[in-house]
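Presented below is the structure to which this report refers.
Values below: every heavy atom of this structure, side chains too, minus hydrogens, waters and symmetry copies.
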Amino acid sequence: MAEPAQQAAFLTRNTVEDLPSGGLEARLKAAATEGRQLRVKLGLDPTAPDLHLGHTVVLQKLREFQDLGHRVVLIVGDYTARVGDPSGRSLTRPALSGEQIDENAATYQAQAFRVLRDDPDLLEVRRNSEWLDMRMEELFRLARTTTVAQLLERNDFAKRFAARTPISILELLYPLLQGYDSVAIRADVELGGTDQTFNLMLGRDVQRAYGLPEQCVLTVPLLAGLDGREKMSKSLGNHIGVTDDAGEMFGRTLSLPDDAMREWFRLLGFDEPGPDVGPRDAKRALGRAIVERFHGADAAAAAQAGFDRQFIARDVPEDLPTLVVVPGEDGTVHLPALIAEAFGRSRSEGRRLLTDGGVRLGGDVVRTADVSAAEVAGKVLQVGKRAFTRLEIGS
RNA sequence: GGCGGGAUUCCUGAGCGGUCAAAGGGGCGCGGCUGUAAACCGUGUGGCUCUGCCUUCGGAGGUUCGAAUCCUCCUCCCGCCA
């Protein structure tokens, strides 16, 4: 294992804050003296089933800890998810069922393993229902550790309080529950996005109140979404899922605004291309690197080839699905119906697409709703630039 | 407990009782220019058996020839006072 100072320098690369300042190095030294691994905590609430690239930034950092021999403790927030996080505007977010949480949790773990090393010495997966399903008495003890004033220091809360928008008690309790996780697993370090700084720091207070050493806090920047503005989030639809297929990953990456590209390279841990590489090629390199990480080099090459074929050569992709068409009695087919069936849109939308010139048949724009069966047989129906299906006549 | 405000289509946010499937903006779709970038331009954005018809404006009733718009009750949200 490398010297603590070197480790600290390596681990704080591309992070925003290391709190308290220099705390990580001190902790690494102490651990080295005691001859033990650090316990590095990350909590994830299994509220949505899939991880995206944004999550992998912090996972990547955890992986670095693992590579240095430290132990990652991944906490699946099954209990907190069950309560239903009331923050944000999603007033109607329903508390998830136990089964659904179990399912999500399993998916999470599987996806996290695409980044983390699944080695029992280096990874421990825990669920916070193990300790959060506590007696009132214990909750009282936890609640005594923190004052309302402390909680209101959080920017988020402060703003809402000032603006007189509602803050539920449950929301106030959330940071405490998260902090208790740190107590339960005796975290040496906790990681999170910059939006988690307050919660992570509060974990220190909670640990202290329980007579434990306080964890160090390491925050990583939030990865911007595909729009280049908001942080990546599934609900904003600006994400790339870690389970997306290779072509999807590559294509979506290319839609990233240039401004956000540098940051993506950095946060995702890829080497930036030199200054002589133009933005177009740099982004293609980024796309390949991303696909390669999750699907391998062959898939990355194939994804790029497929992309070039489809969008540069304007050719139809390989392996397109076939839709069997049954003509009407008069021997014609109704295109809006086909569009609806093939691409999951409504017939009305299909009609609009036709009049807007967004539909191609065998490469040529069609604007008529009804065409003869002979005209469509064996041809490729295309909507927009991305949706294709081959048409075959059936009976 | 008292008083007041609100619930509109993906989001936001307009909406004299008829001309409202419902303004504007955002987002998104399609088209153009391009590098599936940005910026910009055009266009569309409930459904359908589509010159019309059907279902939508928190829920249930009611008034009316006619209601997103008026009344009643209900549910939920918010603020102020206690």
Nucleotide rU34(B), atom P - distance to CG of Asp308(A) in whole Å: 18 Å
Contact list (N/O, under 3.5 angstrom) for nucleotides 53-57 of chain B vs protein:
none

Trp131(A) side chain reached by Arg126(A) side chain, heavy atoms, under 4.5 Å: yes
Residue matched to rG61(B) through Watson-Crick or wobble contacts both under 3.5 angstrom: rC71(B)
Closest to the Ser348(A) side chain, choosing from rG29(B), rU36(B), rC48(B): rC48(B)
Side-chain N,O (Arg280(A)) to OP1/OP2 (rU34(B)) below 4.0 Å: no
Interatomic distance at P, rU72(B) relative to rA23(B), whole Å: 29 Å
Under 3.5 Å side-chain donor-acceptor pair for Gln215(A) and Ser182(A): yes
Integer-rounded Å distance: rA39(B) P and Arg229(A) CZ: 8 Å
More than 12 heavy atoms of other groups within 6.0 Å of Lys379(A) NZ: yes
Interatomic distance, Lys385(A) NZ vs rG29(B) P [rounded to whole Å]: 10 Å
Please list, one pair per line, the donor and acceptor atoms closer than 3.5 Å that link side chains of residues 311-323 of chain A to other protein atoms, with sequence neighbours excluded.
none

Between rU19(B) and rC53(B) - P atom distance, rounded Å: 13 Å
Strand-adjacent residues in residues 247-258 of chain A, judged by heavy atoms under 4.0 Å from RNA chain B: Gly251(A), Leu254(A), Ser255(A), Leu256(A), Pro257(A), Asp258(A)
Pairwise C1' distance for rU56(B) and rG46(B), with rounding to whole Å: 7 Å
Verify same cluster id: Leu151(A), Leu177(A) (apolar side-chain graph, 4.5 Å): yes
Heavy-atom side-chain contact between Gln6(A) and Phe10(A) under 4.5 Å: no
Contact check, side chains of Arg39(A) and Ile185(A), non-hydrogen atoms, under 4.5 Å: yes
Full working for side chain to side chain donor-acceptor pair (under 3.5 Å) between Arg309(A) and Gln304(A): CA-CA 9 Å; Arg309(A) 177 190 174 83; Gln304(A) 178 167 323; over 6 Å; no
Interface residues of residues 283-299 of chain A with RNA chain B (non-hydrogen, below 4.0 angstrom): Lys283(A)
Residues touching RNA chain B, which here means a heavy atom under 4.0 Å, drawn from residues 263-278 of chain A: none
Worked verdict on Val206(A) versus Leu142(A) for side-chain contact (heavy atoms from CB on, under 4.5 Å): CA-CA 8 Å; Val206(A) 176; Leu142(A) 176 59; 3.8 Å; yes
Full working for side chain to side chain donor-acceptor pair (under 3.5 Å) between Thr12(A) and Asp18(A): CA-CA 7 Å; Thr12(A) 51; Asp18(A) 160 28; 5.7 Å; no
Identified side chain to side chain contact (heavy atoms under 4.5 Å, CB included) partner of Asp188(A) from the options Glu214(A), Arg36(A), Gln37(A): Arg36(A)
Atom-to-atom span, CZ of Arg352(A) to C1' of rG31(B) - whole angstrom: 15 Å
Nucleotide paired to rA37(B) in any strand shown, Watson-Crick or G-U, under 3.5 Å: none
Phosphate OP1/OP2 of rG44(B): any Thr355(A) side-chain N/O under 4.0 Å: no
From CA spacing to verdict: side chain to side chain donor-acceptor pair (under 3.5 Å), Gln178(A), Gln196(A): CA-CA 10 Å; Gln178(A) 187 171 337; Gln196(A) 286 287 311; 3.0 Å; yes
Rounded C1' spacing from rU49(B) to rU55(B) in Å: 16 Å
Between rU34(B) (P) and Phe307(A) (CZ): distance, integer Å: 16 Å
Nearest-nucleotide comparison on RNA chain B, the residue closer to the 5′ end among Arg345(A) and Ile312(A): Arg345(A)
Between C1' of rA37(B) and CG of Asp281(A), the distance in whole Å: 13 Å
Donor on one side chain, acceptor on other, Thr253(A) and Lys283(A), under 3.5 Å: no
Spacing of the C1' atoms in rC71(B) and rG17(B) (rounded, Å): 13 Å
Leu200(A): hydrophobic cluster co-members (side-chain, 4.5 Å): Leu19(A), Met201(A), Val217(A)
Pair assignment for rG44(B), Watson-Crick or G-U wobble, requiring both distances under 3.5 Å: rC28(B)
Interatomic distance at P, rG4(B) relative to rC74(B), whole Å: 16 Å
Gap in Å between the two P atoms, one belonging to rG2(B) and one to rG13(B), rounded: 30 Å
Pair assignment for rA14(B), Watson-Crick or G-U wobble, requiring both distances under 3.5 Å: none
Ring geometry between Phe65(A) and His70(A) (parallel below 30°, tilted from 30 to 60°, perpendicular above 60°): perpendicular
Quiz item: Asp356(A) side-chain donor-acceptor pair to rG29(B) base, under 3.5 Å: yes
For atom CZ of Arg367(A) and atom C1' of rC30(B), their distance in whole Å: 10 Å
Side-chain touch Gln111(A)/Thr243(A), heavy atoms, less than 4.5 angstrom: yes
rG27(B) and rA60(B), which share atom name P, separated by this distance in whole Å: 34 Å
Counter-base of rC80(B), judged by Watson-Crick or G-U geometry with both distances under 3.5 Å: rG2(B)
Base-pairing assignment for rA23(B) (Watson-Crick or G-U wobble, both under 3.5 Å): none
Nucleotide rU36(B), atom P - distance to CG of Asp244(A) in whole Å: 19 Å
